[in-house]
Amino acid sequence: MLLVLGRWVSHAFIPRVSTCFPALLPRTILRNFNKIKFIVHIHSAVSVNAVSPNRATMPERRPFVRLPTDVFPVNYGLCLKPDLIDFTFEGKLEAAVEVTQPTNQIVMNCADIDIITASFVPEGGEGEEVNATGFNYQNEDEKVTLSFPSTLQKGSAILKIDFVGELNDKMKGFYRSKYASPSGEVRYAAVTQFEATDARRAFPCWDEPAIKATFDITLIVPKERVALSNMNVIDRKPYPEDAGLVEVKFATTPIMSTYLVAFVIGEYDFVEGQSSDGVLVRVYTPLGKAEQGKFALEVAIKTLPFYKDYFNVPYPLPKIDLIAIADFAAGAMENWGLVTYRETALLIDPKNSCSSSRQWVALVVGHELAHQWFGNLVTMEWWTHLWLNEGFASWIEYLCVDHCFPEYDIWTQFVSADYTRALELDALDNSHPIEVNVGHPSEVDEIFDAISYSKGASVIRMLHDYIGDQDFRKGMNAYLLKFQHKNASTEDLWDCLGQASGKPIAEVMSSWTQQMGFPIIVVDQEQQGDDRIIKLSQKKFCASGPHTAEECPSWMVPVSICTSDDPSHACHKVLLDGTDATITLNNVRPDQWVKINPGTVGFYRLQYSTSMLESLLPGVRDLSLPPVDRLGLQNDLFSLSRAGMISTVDVLRLMEAFINEPNYTVWSDLSCNLGVLSSLLSNTDFHEEIQEFIRDLFTPVGLSLGWDSKPGEGHLEALLRGLVLGKLGKAGHKATLEEARLRFKEHVEGRQVLSADLRSPVYLTVLKHGDSATLDTMLKLHKQADMQEEKNRIERVLGAISAPDLIQKVLIFALSDDVRPQDTVSVIGGVAEGSKQGRKAAWKFVKDNWEELHNRYQGGFLISRLIKLSVDGFANEKMAAEVKSFFESHQAPAAERTVQQCCENILLNAAWLKRDTDDIHQYLLQRKGPPTV
Ligand code: BES
Ligand code: ZN
């Protein structure tokens, strides 16, 4: 599985490579289910902190000061002339500025740019143009100080700067992106990626989100090229000095932050349409692929009016372009009016795209379009409030997809993709609060993680549930209107939502955003006549076991409760604002079960008493518990077992109760956890036994799904089939492997092309059990593939190959020109995830090629992803020490916290393995014994 921007990309982003499995007899599974007894161990966990070399230390802070406010911009007149042959650009800035304090210097952001001349012209012709006499670059701080020979007086003025820069190949600032023309010729586009702090690499500017100004952009480009920017074109004329060039002028933007400015110069086709609220929408695709833009266009056209209605604020620009960029570090970027995407996050081919790609495109379009309001119109005051942008967009993208594609059952998928991932990361001692003080750019890069995205989205979902949709919308509308074209902080949003709902929002929410972690709620019950007495108590949940320190933080937790009479609706809601609470539920019969957190909305784990848990388990088997609650229960117990609070054997028994499970997302989450366990047990000599367990668990569902889709089947069946066949194939299920080989052969020979949804599971299966010929065939398919989606699909499974020399070949391929720079990370990650040998080889490869990799990503967020994918799966103390020591001598400032989290995870794995190996082994052996009557 891959991590993109802090979100585990499974079903979504990078369509998940299904894990999955083979076959055991249903009878065996049911037999074991009957024996489930959950023994809840309190305080039995090994304390990882005791052996951990890292405590909850915050990475060291680098010195940082924000820009002075004595001179600020009002309007940027910016003209850029990129050279797509020499990879340089010339720029001319004429910024209208206000001087608020007399000064003889101007401090701006500037990085990797050479200033040729700078001058200052006071407005109104009273003063003479003054040339700057010195440009003092503070490279570490990414700033330049322009010095003037005389004092610049208070008032309006124009600051003129001529400069030159490089169209770099680092996917940040103003950079070049390589693509092939339809005839296969190598060409380059010039594109931008400014968030968080890279506008300063394209032009000298006040590169802070709160320093908003308007922009008048002009691009001088080859006349046959498409030139795009945030606004519509208002003028296009020949460039007097060169007949091959044109000068393209764009309309003035609204007042906006620098990180949202964008321009693209390249060759593209497009499809266009208009939304019902009159916005012109275009989706730009590579040449000859306009058809592949249709799906995103439909989504965008439905989404714009949806948000207009939800926020009750119209989209403020006349147009919006969505464009696919070949070399692109993030998944997508919400530049105002010109949203940039990786090709795989925008393009859908009706025949060759799989269901998870469609879903991913819909989510990403929904996410970036939400930012047009939430982020672009109202912007966070400082990066400390980045989570507001990203957490909110990561929540509302699901609301939008649920509106456009109700058949995706996307909210259940939220719980598996975002909610559980956030809980997992936030249980670490090395997590961080949602709101975190950041200064230096490397600290800003570091917080584009699962805490900002997934925990942010999860606490907003909890808040939305606590407030109710109507008041939530009222508050959102008030917030957007009050702060439009301005900046806001987390507290500003709480104030608006508090006023709209009359509830203590700031008080409740600050407990979630200002302290890291979350609670585990311990639950017990007692029957008193017709009443059920429920006792709740909270303490901090730690991945290493119960919190033992004297000072235990607590949260204001909206808790809801349901009973078996109506499992999907809360019969009682309470705000747990202290450590304990006792609740009386009237008229609950002794035979009814009681469940906390229906819908799995509250951001906490649950630890039920043995009797309560046992009463819930039949609801898993007979499906009377709703899918999202089955998923949540399994996920809580899995996490409790990793923390040593229950035995892993209890979880294996619970998993067997899912034998009749029909729901894709429930399977997907379970499969993911089994994958974690399987990876842990690859460090033992009974790895094969867990494969057998996997095969047994997944066989019945595999058999009922079959290989071919049935008439009338929908999106979720397609996802489930891919997941299950992949899991079975990977675990070596014979029949699955044989069928996969057969179908692969037919596919390669062109007799019967594999349907897009079957490709990942088939590729994975044949590679996992394949030889060098299989790898060669796969690499050939990769070369021939025209769609980036297909290339990525192959890249992500190559690491499944087992032979050490072939693993090496895959790693070398990862750094070759055949793999786009942003995708190298997933190839190496796939190797680390593929097998125990792969894990070792991938880590060695990262160490051996550290300089090149670090240089390739310039310490950006992709390096954190790479580190996490490469080392998180280790499970012994020696490796934790090795990783720690490697990064002591090989600095990666934006990945410091990731390194600490990885070391913590390795130690947790080691403790888990030590604690439960024998019991798991015993269990796996005995479950194969003759059935007990
Ligand atoms: N604002 C981000 C893009 C970004 C990410 C810029 C990291 C700088 C650093 C954008 O809105 C975003 O979140 N993109 C996601 C996709 C989204 C659907 C989760 C991404 O790039 O993965
Ligand atoms: Zn975003």
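Being a predicted model, the structure only gives us computed values, none of them experimental. Both counts, for ligands and for their atoms, begin at 1 and track the order of listing.
Atoms of ligand 1 found under 4.0 Å from any heavy atom of E334, numbered from 1 in the order shown, are 1 (N), 2 (C), 10 (C), 11 (O). Each of the atoms 1 (N), 3 (C), 6 (C) of ligand 1 lies under 4.0 Å from some heavy atom of M333. Near H371, with a cut-off below 4.0 Å to any heavy atom, the atoms of ligand 1 are 11 (O).
Ligand 1 is approached by Q193 to a heavy-atom distance shorter than 4.0 Å. Within the structure, ligand 1 has A332 among the residues with a heavy atom less than 4.0 angstrom away.
Here's the thing with E368: one of its N/O atoms is less than 3.5 angstrom from an N/O atom of ligand 1. Between Y453 and ligand 1, a contact under 3.5 Å exists for at least one N or O pair.
Among residues two or more places apart in sequence or in another chain, the salt bridge (charged side-chain N to carboxylate O under 4.0 Å, His left out) test is passed with R200 by E142, D207.
Taking all heavy atoms of A370, A457, G331 into account, the minimum distance to atom 21 (O) of ligand 1 is reached by G331.
Below 30°, between 30° and 60°, or above 60°: for W395 and W411 the angle between ring planes is between 30° and 60°, a tilted geometry.
Ring to ring, W382 and F64 are close: their centroids are under 6.0 angstrom apart.
In summary, the side chains of E435 and T513 do present a donor paired with an acceptor at a separation below 3.5 Å, with no hydrogens or angles considered.
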Without placing hydrogens or testing angles, list every side-chain donor-acceptor pair under 3.5 Å for residues 295-312, not counting sequence neighbours.
unit_1 : atom_1 : unit_2 : atom_2 : d
T303   : OG1    : V299   : O      : 2.6
Y307   : OH     : G366   : O      : 2.6
Y310   : OH     : D469   : OD1    : 2.9

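Under the 6.0 Å distance and 45° angle rule, R282 counts as a cation-pi partner of F270. Cation-pi geometry between K319 and F250 is not satisfied (NZ or CZ under 6.0 Å from the ring centre, within 45° of the ring normal).
The proximity of E195 to ligand 1, defined as any non-hydrogen pair under 4.0 Å, involves the side chain as well as the backbone.
Of the angles at the Zn ion (ligand 2), the one spanning NE2 of H371 and OE1 of E390 is 100° when given to 10°.
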